[in-house]
Q: 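Questions regarding the structure given below will be posed in turn.
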Amino acid sequence: MTDRADNFGSSRTVRFRELLNSPELEFLCEAHNGISAKIAEEAGFKALWAGGLCMSAQYGVRDSNEASWTQVLEMLEFMADATSLPIMLDGDTGYGNFNNVRRLVRKLEQRSIAAVCIEDKLYPKTNSFIDGDKQELADIDEFCSRIKAGKDAQQDDNFAIITRVEAFIAGWGLDEALKRAEAYHAAGSDGILIHSALNHPAEVLAFKKEWADRSPVVIVPTKYYSTPTDVFREAGFALAIWANHLLRAAIVAMRECAETMQREQSLISVEDRVAPVKEIFRLQGASELQEAEERYLPQRGEDARVIVLAASRGGALGELTAERPKTMVEVQGKPLLAHILAAYNATGIKRITVVRGYAPEAVDLQGADYVDNPDYAKTSELLSLQCALAADDDDSRDLYISFGDVIFKRYILDSLAELDEDFVIAVDTDWRESVNRGRAADYVSCSEPYSRRAFNSRVLLTTAGETLDDNAIHGEWTGVMRVRAGALGVLRRAVAELAADPANRKAKLHQLLAALAADGREIRAVYTTGHWLDVDSVEDVVAAGSFS
Ligand code: SPV
Ligand code: MG
């Protein structure tokens with residue numbers, strides 16, 4: 001993990017040192033997870049206190065080392081990622097002896113934590129405000145070994161180890177506090193946190209007076225909160241830690257909200273008292289991800305649109321299409337059209353126009369625009385395409401053309417999108433099955449038959465039709481086609497020319513492909529095998545039930 005020195009011009013450890021050593025009183029705000037860290041940073045704090053009490057509490061456990069030190073470490077990593085601020089960990093007793101402290105220091109540095117505070121008690125610790133006077137203090141020499149090992153372990157000279165003197169908490173008084181502070185200072189401690197559970201600052205002030213400026217002194221005024229901050233300033237304390245207030249604020253707000261929702265069984269009266277959802281997104285940095293997506297993800301979906309030709313009834317399906325066109329016949333629990341929309345949506349393409357004809361009112365799925373071909377009974381695919389092209393003159397995006405009765409695997413779209421050519425079609429090599437079943441199919445002839453070699457060469461369409469000679473057939477067009485935005489003018493002209501001939505009112509799209517190829521347009525053919533299904537008969541509907 002890298003330290004974000006660049007944001008501030010200096011690393012977190014340096015910035016923490018500056019706060020610790022500055023002649024001003026500086027403040028640390030408690031944070032216990034990524035979002036509270038971020039909120040404290042936005043409020044203007046220059047450093048954070050990752051307090052043991054609140055880190056434990058947010059996990060729902062006691063401040064008695066019930067959360068393991070690696071669980072604490074994991075949360076610190078989220079906090080360090082969520083902010084650029086220096087963080088001082090409340091490292092409790094150091095989680096053991098000298099050996100645990102030196103390993104802790106190494107792991108904290110790896111996570112860009114600027115400082116750790118260790119207290120002179122025994123593992124497992126108890127919070128200082130719970131029967132403090134019954135708490136056993138560490139042996140001074142043993143505690144000094146924790147400090148020395150920690151200092152020896154740090155790689156960054158500016159990493160700070162603050163030592164917390166619990167003599168007042170445990171009922172020992174000023175002399176013991178001073179004796180301990182002196183020993184810890186000599187062992188290499190970078191500052192003393194003097195803690196007190198009194199509701200006035202007498203103990204910490206007495207300590208500071210005697211200690212003077214031998215090293216910076218840190219306080220946690222939770223219990224003597226009513227003391228004016230100027231008293232701390234005048235006494236020359238280095239840092240004051242507001243140690244648990246974000247969590248306490250959250251408890252009040254969460255409880256009030258939960259009780260209201262439970263009581264009222266409604267959100268009406270809480271909505272204005274909670275942060276909008278978009279505020280959560282902002283705190284999470286959602287906009288950065290959107291920008292990154294634009295930078296890193298393929299954007300073809302954004303630039304493409306689709307025309308689905310779905311006007312025909314599909315009379316061969318009999319009763320199934322009495323009241324709806326084929327595209328709305330259900331397979332696997334949803335209409336064919338829903339499968340088609342889902343395949344495009346899955347590749348990021350959302351702009352889809354469906355050409356309706358038979359029973360248009362039955363074609364009403366969300367996620368598509370609709371264009372009607374009122375003449376559908378007397379016309380066919382080409383004129384439906386013309387209707388859709390006429391309805392939308394936006395030629396700034398690539399265009400996919402699909403049939404409303406053809407479902408396919410999404411990878412077929414991916415393989416078309418990858419290629420640069422103006423026109424690309426997916427061609428199934430498994431065409432003999434259609435011939436054997438005697439069904440109408442759009443056969444194609446290509447510059448090269450399907451083979452291993454064809455993978456490495458640009459296979460181009462030479463012609464297409466329903467009645468090609470078996471020897472000339474290299475595959476069956478799946479009905480999926482992609483036209484680059486720059487070639488839409490060519491497509492429009494080709495459609496218009498064909499459609500102008502009354503003999504072509506019933507023209508199919510394979511005629512358009514053949515006309516484009518005959519006109520010298522390069523139509524790249526991508527060979528695929530299977531993974532699509534043209535639903536023309538009741539038998540096809542049954543087969544679609546197991547299409548996967
Ligand atoms: C903490 O915030 O976890 C502290 C300060 O260690 S106190 O709760 O006052 O002991
Ligand atoms: Mg603590």
Side-chain angles (χ1 to χ4, degrees), residues 27-33 36-37 40 45 47-69 71-73 75-76 79 86-96 100-101 104 108 113 115-138 143 146 160-172 177 180 184 189 191-201 203-204 207 217-227 232 237-251:
F27 303 92
L28 267 58
C29 180
E30 170 265 319
H32 48 270
N33 57 20
S36 57
F45 280 96
L48 302 174
W49 166 250
L53 173 64
C54 295
M55 300 272 269
S56 307
Q58 62 81 35
Y59 278 124
V61 298
R62 288 165 285 219
D63 187 14
S64 304
N65 296 119
E66 290 184 345
S68 72
W69 74 275
Q71 287 170 327
V72 171
L73 204 59
M75 185 56 83
L76 285 171
M79 292 166 64
I87 300 173
M88 170 152 72
L89 170 67
D90 170 7
D92 293 342
T93 58
Y95 311 115
N100 302 87
V101 172
L104 174 67
L108 292 177
I113 303 305
V116 66
C117 176
I118 55 173
E119 65 199 47
D120 54 357
K121 293 199 302 215
L122 303 176
Y123 182 92
K125 57 124 341 146
T126 303
N127 185 277
S128 303
F129 299 145
I130 300 176
D131 293 338
D133 54 356
K134 299 203 183 98
Q135 294 183 17
E136 191 181 344
L137 297 185
F143 191 69
R146 292 185 224 169
I161 298 184
I162 305 297
T163 47
R164 167 163 154 182
V165 174
E166 289 280 280
F168 288 132
I169 297 290
W172 289 91
R180 286 176 171 266
Y184 306 160
S189 157
I192 301 293
L193 188 159
I194 185 72
H195 205 14
S196 169
L198 300 185
N199 61 7
H200 53 82
E203 289 176 335
V204 298
F207 176 86
V217 180
V218 183
I219 50 172
V220 181
T222 304
K223 291 284 177 182
Y224 45 100
Y225 64 89
S226 58
T227 310
F232 307 141
F237 289 112
L239 301 176
I241 300 176
W242 309 140
N244 40 46
H245 298 77
L246 294 194
L247 184 75
R248 287 164 64 189
I251 289 171

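Ligands are counted one by one from 1 in listed order, and the atoms in each one are counted from 1 as well.
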Q: Is any NZ, NE, NH1 or NH2 atom of the basic residue among D63 and K125 found under 4.0 Å from an Asp or Glu carboxylate oxygen of the other?
A: yes

Q: May I ask you to check whether F207 and H195 place their ring centres under 6.0 Å from each other?
A: no

Q: Return yes if some donor-acceptor pair links the side-chain N/O of Q71 with the main-chain N/O of A67 below 3.5 Å, else return no.
A: no

Q: With rounding to the nearest 0.5 angstrom, report the CD1 to CZ distance, I130 to R62.
A: 9.5 Å

Q: Distance from D90 atom CG to I162 atom CD1, nearest 0.5 Å?
A: 12.0 Å

Q: Distance check, rounded to the nearest 0.5 Å: Y95 atom OH versus I118 atom CD1?
A: 11.0 Å

Q: Is the number of heavy atoms from other residues, nucleotides or ligands under 6.0 Å of W242 CH2 greater than 12?
A: yes

Q: Output, by chain and residue number, all protein N/O/S atoms separated from the Mg ion (ligand 2) by less than 2.8 Å.
A: D90 OD2

Q: How far is atom 2 (O) of ligand 1 from the closest protein heavy atom, and which atom is that?
A: W49 NE1, 3.2 Å

Q: Distance to 0.1 Å, residue and atom name: give those for the protein heavy atom nearest to atom 10 (O) of ligand 1.
A: R164 NH2, 2.9 Å

Q: Using a strict 4.0 Å cut-off to heavy atoms of G52, name the atoms of ligand 1 that fall inside it.
A: 1 (C), 3 (O)

Q: For ligand 1, which atoms, with element, lie under 4.0 Å from some heavy atom of F129?
A: 9 (O)

Q: Let me see the working for T126 and D131 under side-chain contact (heavy atoms from CB on, under 4.5 Å), right down to the final yes or no.
A: CA-CA 9 Å; T126 303; D131 293 338; over 6 Å; no

Q: Which atoms of ligand 1 sit under 4.0 Å from any heavy atom of S128?
A: 10 (O)

Q: Is there a donor-acceptor pair closer than 3.5 Å between any side-chain N or O of E30 and the backbone N or O of L246?
A: yes

Q: Quick one: look up the protein heavy atom nearest atom 1 (C) of ligand 1 and list residue, atom name and how far away it is.
A: D90 OD2, 3.2 Å

Q: Taking only residues two or more places apart in sequence, or in another chain, which ones meet R164 in a salt bridge (charged side-chain N to carboxylate O under 4.0 Å, His left out)?
A: E119, E166

Q: Is there a heavy atom in N127 that sits closer than 4.0 Å to ligand 1?
A: yes

Q: Of all the non-hydrogen atoms in the protein, which one sits nearest to atom 9 (O) of ligand 1, and at what distance?
A: H195 NE2, 2.8 Å

